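What you see is a predicted model, and the numbers here were worked out from it, not measured in a lab.
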Amino acid sequence: MEPGNNTSVSEFLLLGLSEDPELKPLIFGHFLSMYLVTVLGNLLIILATISDSHLHTPMYFFLSNLSFVDICFTSTTVPKMLVNIQTQSKAITYAGCINQI
């Protein structure tokens, strides 16, 4: 039997955008504002298609579904990134990575 590496991967290291601590609040604020604009814009699209009876066509049905999927996707990935920026943590567990996928 040949010697080898038998360790298992339990977490991944995430490389950030910047190591400069002075830029962390700027990056956090920028990503938080983009996240809020994305969620609120998609909610506005969903509410507009629900409230107006002229928009009850298949195209707007699929547009509201796409908006819902976009809200779900950004709500899965961006909050974890914001927590990592605030806590200066660079690790994500294997289960957390699979959960985001």
**Separation between CG of L82 and OH of Y35, rounded to the nearest 0.5 Å** = 8.5 Å
**Asked** Do D70 side-chain atoms and L66 backbone N/O form a donor-acceptor pair below 3.5 Å?
**Response** no
**Request:** Say whether V83 and I85 are linked into one hydrophobic cluster, either directly or through other cluster members, by side-chain heavy-atom distances under 4.5 angstrom.
**Result:** no
**Request:** To the nearest 0.5 angstrom, please state how far the CD1 atom of I45 sits from the CZ atom of F68.
**Result:** 14.0 Å
**Prompt:** Does NE2 in H56 sit with more than 12 non-hydrogen atoms of other residues, nucleotides or ligands closer than 6.0 Å?
**Reply:** yes
**Interatomic distance, Q86 atom CD to I27 atom CD1 [nearest 0.5 angstrom]** = 11.0 Å
**Asked** Any donor and acceptor pair, going by atom type alone, linking the side chain of S33 with main-chain N or O of H30 inside 3.5 Å?
**Response** yes
**Request:** For side chain to side chain contact (heavy atoms under 4.5 Å, CB included), just list the numbers for I46 and I71, CA-CA rounded to whole Å, side-chain angles, deciding distance to a tenth of an Å, and then say yes or no.
**Result:** CA-CA 11 Å; I46 292 171; I71 289 172; 4.1 Å; yes
**Message:** According to a hydrophobic-cluster definition based on side-chain heavy atoms being under 4.5 Å apart (Ile, Leu, Val, Met, Phe, Trp, Tyr only), do L43 and L55 belong together?
**Reply:** no
**Asked** Does V78 belong to the same Ile/Leu/Val/Met/Phe/Trp/Tyr cluster as L26, with side-chain heavy atoms less than 4.5 Å apart forming each link?
**Response** yes
**Message:** Same cluster or not: V69 versus L47, using hydrophobic residues (I, L, V, M, F, W, Y) connected whenever any side-chain heavy atoms lie under 4.5 Å apart?
**Reply:** no
**Request:** Taking the side chain as every heavy atom from C-beta outward, state whether T49 and F61 have any atom pair closer than 4.5 Å.
**Result:** no
**Complete:** To the nearest 0.5 Å, atom NZ of K80 lies from atom CG of N84 at 4.5 Å
**Fill in**
Interatomic distance, CG@L36 vs OG1@T74, rounded to 0.5 Å, equals 10.0 Å
**Asked** Should we count OH of Y60 as having more than 12 external heavy atoms under 6.0 Å?
**Response** no
